[in-house]
Structure formats: structure tokens, C-alpha cells
Amino acid sequence: MKRIKKLRYRLKSGLNEWFEMSLPIRIGVNGLLVLIIAMIAFNFISPLLFTVKTGEPSTLDDELSQWYATHLNKGNGDSQRLDNASLLLGENTITYFKFNPNTATDEDFQKLGFTKRQIAAIRKYLNKAGSYKTKQDFFKMYFMDDERISTLHSYVDLPETLYEHNTRSNDQFASSTLPPTEQTLEKKKFDYSNIVVEINSADTTELKKIRGIGSFTAKNIIRFRENLGGFTSVDQLGEVYPFTKEKLDSLRHHFIVDTGLMKKININEAGVEQLARHPYLTSAQAKSLIAYRNMHGAFSKVEDIRKSALIDENTFEKVKHYLRVE
């Protein structure tokens, strides 16, 4: 009974407090409740009151089509955007087939999903460079993203590397004097497990073609190469995790190095952060080089860095290949 009396008392107190509220506050609270109820009711009733009229866009594709038709059909400057719009809306059906970018026609490229602007870029490259020698050359075009490269990789009729390109050319020359049956046997002799990769330009796809190199190792090679500025010797792969001396010795014949692709640091312009990022220089050594330059003026030759107190002979021999003076 006592609990019931307490409950009644609390209820009575609450009602008293409610009715003791000022009139403006009660009006505001009541108005808010009415608004909430009206919004809930409208949510259920609106589908019955509003329907899409015939002829108006009812899907996102329809709306995009109308927008592109009214906004992009103005002048020749919008031709590229119209190409992209038609691809976006699925108006052009993309067809994949084996093709050589050196001999493919503009119509072939259009069927493969390339826009007029991209085809013009391909033509410009061919006029300047003469031809694409490898798939990697073609996939370096600015409009090639990972998805397109993955899709087109098996359709591009080009060798993976210059080594394969030269091998293919030699095979074609040799097979021209052989009967058909012997030509077939010669083609089968090419073994991709013996592929040779140029490590200053290879991407992870090329590196993974070598048995014993997976995605993890390939990414580490690329990352170390970018930090270095390029490899000067195959021996430097031994500094990449998880290479061991035994593993490097077993894979050494797969690699070649083009030192002409290396990127060097101008030590008369570089700052502390840029120098310290190099794997062969510590932060303290980078600061010492900048301090020496500030005190004695610009370096006249790379060998002058040995005058810095913290640059020992071992460091100099390793880093000298990555520095230049201008």
C-alpha cells in the first residue's frame, strides 16, 4: 500500500509540475509533438500522393543523359566530355580483342573503350617514339589506371620486357628458315621462368614473373628502389628484405641494371629532409652536409662531401652514385 501511495504521489506531483509550466512553454512543447506526429504521418502517406509523371527522368541514368544532352552539346571543346559521358552511360559497348597498339586503328581503340583524347595521346607517342616495344611502355600512358591495365594486359600483343622482345625477334628470324613443325618446337622452347628483368624500370607484375618473388618481395624492391633513386648493381637487392645471400645468388641471373634510369640528388639544392630520406645517409650526416655547404659555399664536385666530418669512406662509396653537383 505504501508503494502505491508513493506512486500516486509522484504522478500527482508530475501533473502539478506540468500544469504549473508557463503557457508559452506548454504551447512550444505541444507544437513540437504535433510536428513530430505530422512528419511521421507524411512519411507513410507521401508514396500514395506523389507519382512520377510520364516522360520525366525516373532513374539516375535518365537524369545524367538529359544533363549531358543539354549541357555538353555546345561547341567542339566539349567533344572529349561527350566521349566520357557516353562511356559512363553505357552508350558505347566496349569489346575486348587481341591488338597491337603500334598497328591498331582509331576504330580499334574506340571499340576497346579509349576516348578520342586518349587515342590522340597514343598517336602523339607513336609519332615521337616510333613504337611501343613492350607492354610496360604502353601501360605507362597517363590514362592507364590499375583496373584498365589488369583488364587489357592479356589482350596487348606486345612482349613483357625488352629481353622477351629481343628473344621474340631472334626466334622469328631463325624460324623463317625452318619448316612449320620445327617452328612450332622453337616457339615452345621459350621459358618464362628464365625471364630477365631490368630492375630500375620493372613493376611488381614483371618482378613476380620470376619464380621465388611474390607480391611482398616485389613491393619491397620497388619501395627500396624509389628511396634509393635506382639500383647501381644487382648486389643491392641483398639489402631488400627478405632477400638473403643464398636467395640473391640463385636469382641473380634474372636481373639486369640500367644505371641510366637512376635519379640523383643535387647536393647544392637539397635540404636536410631530402638527404636524410636516402637509405645511405643518416639524419646527422644530412645535417653535417648542409652545415658544411652553408659554411664553405656550394660543393664543386661530389667528392667534396668527404670534407664533412661525419661522411666516412664507406658512406661516401655507397652514396656517391646518387649525388650530383650543379
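Since the structure is predicted, the reported quantities are computational estimates derived from the model, not experimental observations.
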Within a radius of less than 6.0 Å around [atom1] of [X], do more than 12 heavy atoms belonging to other residues, nucleotides or ligands occur?
{"X": "Tyr142", "atom1": "OH", "answer": "yes"}
{"X": "Glu313", "atom1": "CD", "answer": "yes"}
{"X": "Glu317", "atom1": "CD", "answer": "yes"}

Taking the side chain from [X] and the backbone from [Y], do they hold a donor-acceptor pair closer than 3.5 Å?
{"X": "Thr115", "Y": "Gln118", "answer": "yes"}
{"X": "Arg324", "Y": "Lys264", "answer": "yes"}
{"X": "Lys247", "Y": "Gly212", "answer": "yes"}
{"X": "His321", "Y": "Thr232", "answer": "no"}
{"X": "Asn220", "Y": "Thr217", "answer": "no"}
{"X": "Lys98", "Y": "Ser154", "answer": "yes"}
{"X": "Ser131", "Y": "Lys133", "answer": "no"}

Are the side chains of [Y] and [X] in contact, using a 4.5 Å heavy-atom criterion?
{"X": "Ile311", "Y": "Leu281", "value": "yes"}
{"X": "Leu112", "Y": "Thr95", "value": "no"}
{"X": "Ile267", "Y": "Val325", "value": "yes"}
{"X": "Asp235", "Y": "Arg252", "value": "yes"}
{"X": "Asn266", "Y": "Phe299", "value": "no"}
{"X": "Pro101", "Y": "Val156", "value": "yes"}

Going from [atom1] on [X] to [atom2] on [Y], what distance comes out if it is rounded to the nearest 0.5 angstrom?
{"X": "Lys320", "Y": "Glu303", "atom1": "NZ", "atom2": "CD", "result": "7.5 Å"}
{"X": "Leu323", "Y": "Asn268", "atom1": "CG", "atom2": "CG", "result": "10.5 Å"}
{"X": "Lys208", "Y": "Asp203", "atom1": "NZ", "atom2": "CG", "result": "9.0 Å"}
{"X": "Gln110", "Y": "Glu107", "atom1": "CD", "atom2": "CD", "result": "7.0 Å"}
{"X": "Leu158", "Y": "Gln136", "atom1": "CG", "atom2": "CD", "result": "11.5 Å"}
{"X": "Glu239", "Y": "Lys318", "atom1": "CD", "atom2": "NZ", "result": "5.5 Å"}

Considering non-hydrogen atoms only, spot the tightest contact between [X] and [Y] and give its length.
{"X": "Asn200", "Y": "Met262", "result": "ND2-CG, 4.1 Å"}
{"X": "Thr105", "Y": "Arg123", "result": "C-NH2, 3.4 Å"}
{"X": "Ile222", "Y": "Ala202", "result": "CD1-O, 3.2 Å"}
{"X": "Ile199", "Y": "Val234", "result": "CD1-CA, 4.5 Å"}

Any residue meeting ring pair (Phe, Tyr, Trp, His ring centres under 6.0 Å) with Phe243, in chain and number order, not counting sequence neighbours: none
Contacts of type ring pair (Phe, Tyr, Trp, His ring centres under 6.0 Å), residue Tyr132, not counting sequence neighbours: Tyr125, Phe138
Residues Ser288, Ser308; criterion side chain to side chain donor-acceptor pair (under 3.5 Å); working and verdict: CA-CA 6 Å; Ser288 74; Ser308 173; 2.9 Å; yes
Residues clustering with Met295 (ILVMFWY side chains joined when closer than 4.5 Å, directly or via others): none
Rest of the hydrophobic cluster containing Leu35 (Ile/Leu/Val/Met/Phe/Trp/Tyr, side-chain heavy atoms under 4.5 Å)? Met39
Could you see if [X] belongs to whatever hydrophobic cluster contains [Y]? Use Ile, Leu, Val, Met, Phe, Trp, Tyr and a side-chain cutoff under 4.5 Å.
{"X": "Leu310", "Y": "Phe316", "answer": "no"}
{"X": "Ile265", "Y": "Tyr280", "answer": "yes"}
{"X": "Phe216", "Y": "Phe224", "answer": "no"}
{"X": "Ile119", "Y": "Ile149", "answer": "yes"}
{"X": "Tyr322", "Y": "Leu261", "answer": "no"}

Please enumerate all residues that pass side chain to side chain donor-acceptor pair (under 3.5 Å) together with [X], with sequence neighbours excluded.
{"X": "His153", "value": "Glu160"}
{"X": "Gln274", "value": "none"}
{"X": "Lys111", "value": "none"}
{"X": "Thr282", "value": "Gln285"}

Please lay out, stage by stage, how Val196 and Phe255 fare under the test side chain to side chain contact (heavy atoms under 4.5 Å, CB included). CA-CA 5 Å; Val196 175; Phe255 302 108; over 6 Å; no
Does the pair Lys116/Asp106 count as a salt bridge with the N-to-O cut at 4.0 Å? no
Show every salt bridge (Lys or Arg N to Asp or Glu O under 4.0 Å) that has at least one partner inside residues 274-290, sequence neighbours left out. none
May I ask you to establish whether Arg148 and Phe139 are in a cation-pi arrangement, using a distance under 6.0 Å from NZ or CZ to the six-membered ring centre and at most 45° from the ring axis? no
Salt bridge (Lys or Arg N to Asp or Glu O under 4.0 Å) partners of [X], counting only residues at least two apart:
{"X": "Lys301", "value": "Asp304"}
{"X": "Lys245", "value": "Asp249"}
{"X": "Asp312", "value": "none"}

Run the side chain to side chain donor-acceptor pair (under 3.5 Å) test on Ser250 and Glu246 for me, step by step, so that the C-alpha distance in whole Å, both residues' side-chain angles and the decisive distance to 0.1 Å come before the verdict. CA-CA 6 Å; Ser250 66; Glu246 293 73 19; over 6 Å; no
Would Ile305 and Val319 count as a side chain to side chain contact (heavy atoms under 4.5 Å, CB included) if you check the C-alpha gap in whole Å, the side-chain angles of each, and the deciding distance to 0.1 Å? CA-CA 10 Å; Ile305 70 171; Val319 79; 4.0 Å; yes
Between Gln236 and Ser233, is the side chain to side chain donor-acceptor pair (under 3.5 Å) condition met? List the steps. CA-CA 6 Å; Gln236 289 174 288; Ser233 167; 5.5 Å; no
Which word best sums up how the rings of Phe97 and Phe99 line up, parallel for under 30°, tilted for 30 to 60°, or perpendicular for over 60°? perpendicular
Per side chain to side chain contact (heavy atoms under 4.5 Å, CB included), Leu251 is matched among Leu237, Ile213, Val197 by Ile213
